[in-house]
Amino acid sequence: MTYNLELVREKFKDLFEYSLDLIYVHDFRGKFLDANKIALEKLGYNREEINNLSFNDLISKDQLTVVFKALTEIRDFGKQITPREYRLKKKNGDFIYVETYGITLKEDGKIFGIFGVARDITKWRLAEQKLKESEERYRHLFDGLPSPVFILDKRGKIFDCNSTTEKIFGYKKDELIGESYLKLHEISADYLPILKKRQEMLQKGETPEPLELQGYKKDGSRVWVNAQTSIVKIGKKTFYQTITQDNTERKKAELKLKESEEKYRAVAEQANDGIVIIQNEVFKYVNPSLCEMTGYTHEELIDNSYKILVHPEVTDEVVDRYKRRIMGEDVLKKYDTLLISKDGKKIDVSVNVSIIMYNGEPANLTIFHSITERKKMEGVLKKSEEKYRLISENANDLIAIVNQKSKFEYINENIHIKILGFSKDDLIGKSTLEFLHPDDINNTIESFKKGFEYGELIDLVRLKDKNGIYHWLEVRGKRFIDQDGEMKILMIARDITERMKAEQQLKENKERLKIILNILPVGVSVIDWETHIIVDINPIAVEMVGASKEQIIGSICHKYICPAERGKCPITDLEQEVDNAERILLTSNGKSIPVLKTVVPFFLDGKKHLLECFIDITERKKTEMLKEKFTEQLEMEVEIKTKELHEIIAQQKLYLEQIVKASQFKTEFMGSMSHELRTPLNAIIGFTDLLLESSYGPVNEDQFDFLKDIKSSGEHLLFMIDQILNISKIEAGELFLRFQEIHLKSHIAQIKSSIQPIYEKKKLEFEIIGLDTDKYIYADPIRLKEIFYNLLTNAIKFTKKGKITLKILEKEDQWEFQVIDTGIGIAKEDFDIIFKEFKRVESPEVIDILGSGLGLPITRKLVYMHGGTISFTSNVGKGSTFVFTIPKNLDQKNQEIEK
Ligand code: ADP
């Protein structure tokens, strides 16, 4: 069968018309000549509009270059070599995407147009675009992931990765894609089996645990990552997706922590102190030193209660403190305590506790420092301190520590009290200057200054003791630095008051000696015992020797003073005693003078010397001759005188015996006479009374007056005789007192009533002062009355007007009675005679008054017999006061106590 071209051509026409692709014809200027139905449909034009349609209507300007390139290609080669893609603008403004292919159309060998075929790829293109967009979106997400994500192919090559990888590893994405993932990591051989295993797991669809990997950045620095790998399918292909997490910082921190932990552990392990961590009451950590300190092994302590190390003596306080600390209380962190070792020994430790976090929980970190040595040292120190304190307290010198403010910081109290009377409290904290003699203050300030500057001081000061008396102290000081670094002075002072006094006395003695030597009317020389050199000589001796003092002093004694030669000195060599011996003195011109010499050894300035005293006896020697002559005569005279004296003494003795006899006779005589006189006198008074009472007939007035005179004179005489009798009795020792207790008040009342008529008659007042109701006096009632009576009647007698006072004073040991009058008084010159027997003041006022002159002597004797005293004071014209005392008898006293 033959090919019918015309038929085929007809068919092409149909094909052109009904093709599913867009078919069109256009010239080289881009003007459309023809287009098939679908082309018109797709672009939205109708057939009539074809001739007006050109490329400009369909294609955007930026595509025109592509169009012209294709046109050139078609013209040159007659066909388009590669299909081209355009975006065409539809009549309604929408776009369609087409892929075109064109060939030339020729007529008569001349190209007139292009025949093109375009396929609508809009659907595909849009889908593609969407895909691209979604891909881009995912890419953004992918790249934006904070962790590096790698997509690896089955061989572990990097198929894709996100841009975070660049940040972590420093490589650009391009540099990584296609490379082995392991390039980024340092994988040791140990890892390979692990990796293999993980691969197997992945293949089985299991997800292995994240794997920690160490790697390097592009710049060589280290990174740590955690890689989480899973399987992903892209299309039909299987990939590994590895999401890595940068762990570098955490890892670094961990390493640092580990390092520091190791460091601390090393420190703890090496430390000399015991270190433990206690948590929930058990040891979580103990270091070797603690084991060594306590004798336990590490295993014995770990996870065991901390209490096994606490010494029973301190258990309560330690447990209490532990509990309170764990409760968060702020308890003592540093203190000394006791541990107990495995073998029960006590360990002195100082403890330092702190709370730390251990394995995420609070724990007790405790450091034990052994202080056994320190305690021992403290003991030793205390002992040595004690020793020094003892030394100081037992020293005889004052010891004190003085600071830079010159204040006392320490004193040895006992000695200070002994010497200065001051106790510690009196001195400590006070300035030394307070106690100094005002004249010594400036010097002392100066010497303190020097002491602190040069380290030592020596001073002589006067210090006031507690009674204000100054003591001379010789002070030595030494600077030292105490444990606080402060400069102080240790002072040792000695009381040298006695020495100073002795020195002063010595000085005074020496001066006195010098003065004495100079004024002494005898010659004196001082000679050295050893050398016999004259060391001192007084002016008289100088004069006697006849040389100058300068010549004599320094010479040997036998040159001037003594003729004895060397080696024959009577004192130093011959051991003689020269005491008031007559000797010879040599003068400078060789003469010898007789002298009376005394030589005594004595010490001068601590050296033995001879003190020679001599008197020139030339004159005496001369007179002695004469004297001898008279002596004989004198002796004779003395003998005679002595004889005479003996005779006189014998005579005197005789007289004395006679006197004694006479006195005895007087007493006896007076006694017997009185008796003899009393009897007739009583008769006289008795008969006179009878006459006065007119018992024997009446008497006239004159007779009555005479009789009254006789009676009163008789009575006075009787009184006198009684007095004489009294006194002779006393003198003869015949009067005895009868002591008894006398009720003073009634006794005095009796006396008062007996004298009342007399003082009332004279219109005198009488007052008693100080009479106590119930007092008793121990005395002889008769004699006591007599004493009162004598004194009171005297007072009344010698008082013209006024008052008599009896004053009674009770003293501790005695009674005192005062009889006070306002009478005539006694003149001073008569004071002596008052107590003498028969003596009365010879004044007209007294003479007129009746009296015996015996009252006071008797009174005095009676007072004396009572053991008391009597005295008086008086002023003429004003009055007298007689005072007597009666001692309180021991018996009476006892009775008083009994009462
Ligand atoms: P008489 O009173 O008997 O003369 P006394 O011995 O009692 O003797 O006294 C001696 C003398 O002392 C008195 O004569 C009188 O001169 C003097 N005398 C004694 N008491 C007083 C007195 N109270 N006032 C003045 N003179 C007194």
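Everything numeric in this text was worked out from a predicted model, so none of it was measured. Both counts, for ligands and for their atoms, begin at 1 and track the order of listing.
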Cationic N near anionic O, under 4.0 Å, Glu639 to Lys643: no
Salt bridge Glu786-Lys861, side-chain N to carboxylate O under 4.0 Å: no
Non-hydrogen side-chain atoms of Tyr759 and Leu792 separated by less than 4.5 Å: no
Lys653/Glu657 salt bridge by N-O under 4.0 Å criterion: no
Matching residue for Phe788 among Phe817, Trp815, Phe882 - test: ring-ring contact (aromatic ring centres under 6.0 Å, His included): Phe817
Under 3.5 Å: N or O atoms of ligand 1 paired with protein N or O:
residue  : atom   : partner : partner atom : Å
ligand 1 : 2 (O)  : Asn794  : OD1          : 3.2
ligand 1 : 2 (O)  : Lys797  : NZ           : 2.9
ligand 1 : 3 (O)  : Ser852  : N            : 2.5
ligand 1 : 3 (O)  : Gly853  : N            : 2.9
ligand 1 : 4 (O)  : Arg840  : NE           : 2.1
ligand 1 : 4 (O)  : Arg840  : NH2          : 3.0
ligand 1 : 6 (O)  : Gly855  : N            : 3.3
ligand 1 : 6 (O)  : Leu856  : N            : 3.0
ligand 1 : 7 (O)  : Asn794  : OD1          : 3.4
ligand 1 : 7 (O)  : Asn794  : ND2          : 3.0
ligand 1 : 7 (O)  : Leu856  : N            : 3.4
ligand 1 : 8 (O)  : Gly853  : N            : 3.0
ligand 1 : 14 (O) : Arg840  : NE           : 2.9
ligand 1 : 16 (O) : Val841  : N            : 3.1
ligand 1 : 20 (N) : Asn794  : ND2          : 3.3
ligand 1 : 23 (N) : Asp821  : OD2          : 3.1

NZ/NE/NH1/NH2 to OD/OE distance under 4.0 Å, Lys514 and Glu511: no
